[in-house]
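Given the structure is predicted, the values throughout are model-derived calculations rather than measurements.
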Amino acid sequence: MVKDSKRHIDSLKDGRTIFIDGRRVADVTTDPAFAHAVATAGNFYDFQAAPQNIDAMTFTSPKTGDQVSRAWQLPRNHRELVERREALVKWSRMTCGMVGRSPDHVASTMAGFRMGLHVFHENNPARARAVESYYEYARDNDLYLSYVIINPQSDKAKSASGQPDPHLVASVVDEDSTGITIRGAKMLATSGIMANEVLVSGFQALQAGDEAYAFTAAVPIGAKGLTLMSRRSYEQNATSTFDYPLSAQFDENDAVIYFDDVKIPWDRVFVYKDLKMAQAQWHDTRTHVFQNYQCMIRLMVKLQFLLGLARKIAEINNIINYPQVRETLGLLAAKVNNIEALVIAMEASGENYHGYYVPNRSILCTAQVIAQNTYPEVVEAIRTLAGGGLIMVPSSYADFDTPETNAIIQKTQRSVSTTSEGRVKLMKLAWDAVGSEFGSRHLQYEMFYSGPTFVTRGNSFRFFDWDGVKGFVDEFMNSYDLPSAGSSRSAAE
């Protein structure tokens, strides 16, 4: 059977240890800090399980014959890659692109590992077998995975092993014939509260002496000794869906995870005390490409949503015919179209990689660099178009129920294109998208989830075909030379 909401939500009742506001959460599926986000997670699975969506959203597991999410699909050609993207777009549209760590993200990471299985095998056949078996297990159970790949911030000038507390960053502290034991912290377990398991790894460069930190493994969220400490819940503080339509439903949450001597069996350990593989797992495979390709698909959808918001704000304020407004919207449309064009381009010029078809790595890196500038520009444009309208809205939906305040709303919240309620509704949505705690978190997220700019631009430099463009210059330069001795002809002649 295709995984549905009930199956997923029931799987979260596993005794997991989650703290928020100084209290331990008894049940994430019903707690007011998380219940709506968990319901959103369930909606992904109900959507894919709907009879009319199964063909588009799932494919047949080669091992069990059951239908599983296309998030786990390993494309063999351009057509299969596009089919997978179309399924991911449908999921992303369900949340206006606001859930960054939907089930397809870390599934894309594991799919990238699996497509690069030869890299693991060349280094350590036992770890390669673990990658292959876990990928199949996660695929056939359609697991919702989160991951933690960033170290807690302390002294950023020092490596993981150079921190004042050797157990600040999660590291291997023991091993035996059955597995490894890890201790320390990682961040940020985005969507961890509604996931089944978490992939623990690292993306930051390690150096000699950091071997204990150079591991990658998968752990159930309910594992003994694993604790998530949540940030503030935007969902819990949303007064209503009308007032905070995004916060109330799509707050995927972020959390620090602390591992207090958590035991992990060997068949869930993919990299072990290996500085080389700690980097190779991302870049010698195409994992970095495949997981961030999913991010670009989601961002494409999110920017389309924000562009629609910008246009509606211009219409509701009756400034749509101002030349400068049309110029602004035209520029935004070009920037949003540019992200979609890059997604299509990285598919069309994709790479045949050991029997699989993956997006173009250089164009993916280009998209990441451009995206880090595009999102803040779109947010700023929405703020400019809306002006004071974002903050002159009534305090809450309750003001519509009180005759005195409702009368004032009808007089002051006016528009040539909608009702007073319609204007307030749009401005509250816009504020939640760009100005609330939820909106501010999304700005920070989109600017930094793929790394600081020196990392994304460094990858763009690293993976660009410099030999090709230098060869182009050399080819032309080789077509001419110094004039022969005594010649009076100019170069132009």
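- One distance of note links CH2 of Trp282 with OG1 of Thr287; it measures 7.0 Å at 0.5 Å rounding.
- Listed for the Asn360 side chain is a donor-acceptor partner under 3.5 Å among the backbone atoms of Ser349.
- Checking side-chain atoms of Ser436 against main-chain N and O of Gly439 turns up a donor-acceptor pair under 3.5 Å.
- The structure places CG of Leu309 at 13.0 Å from CD of Gln304, a figure rounded to the nearest 0.5 Å.
- For the 3.5 Å distance criterion, the side chains of Glu252 and Thr190 fail to qualify, holding no donor opposite an acceptor.
- One N or O on the side chain of Asn237 and one on the backbone of Ser233 form a donor-acceptor pair closer than 3.5 Å.
- Salt bridge Glu437/Arg441: absent, no basic N to carboxylate O contact under 4.0 Å.
- A salt bridge between Glu446 and Arg298 is present, with a side-chain N of the basic residue lying under 4.0 Å from a carboxylate O of the acidic one.
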**Report entry** Derivation and outcome, side chain to side chain contact (heavy atoms under 4.5 Å, CB included), residues Leu275 and Gln207
**Finding:** CA-CA 7 Å; Leu275 299 177; Gln207 59 190 35; 5.9 Å; no
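- Between Arg231 and Asp251, at least one side-chain nitrogen of the basic residue sits less than 4.0 Å from a carboxylate oxygen of the acidic one, meeting the salt-bridge criterion.
- Looking only at distances, no side-chain donor or acceptor of Arg361 sits under 3.5 Å from a matching main-chain atom of His288.
- The OH atom of Tyr375 sits 7.5 Å away from the CG atom of Leu303 when rounded to the nearest 0.5 Å.
- Atom CG in Leu390 sits 11.0 Å away from atom NZ in Lys428 (nearest 0.5 Å).
- Shown are Ser230, Ser146, Ser191; of these, the side chain to side chain donor-acceptor pair (under 3.5 Å) with Asn253 is made only by Ser230.
- Ala314 and Val325 make their closest contact through CB-CG1, 3.9 Å (heavy atoms, listed as atom of the first residue, atom of the second, distance).
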Query raised in the report: Val378 and Leu307: side chain to side chain contact (heavy atoms under 4.5 Å, CB included), yes or no, with the steps?
Result: CA-CA 8 Å; Val378 172; Leu307 183 61; over 6 Å; no
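- Side chain of Ser450 to backbone of Gln368: no donor-acceptor contact under 3.5 angstrom is found.
- The line from CD1 of Ile18 to CD1 of Ile221 is 7.5 Å long, rounded to the nearest 0.5 Å.
- For the atom pair Phe448 CZ and Thr456 OG1, the distance stands at 10.0 Å (nearest 0.5 Å).
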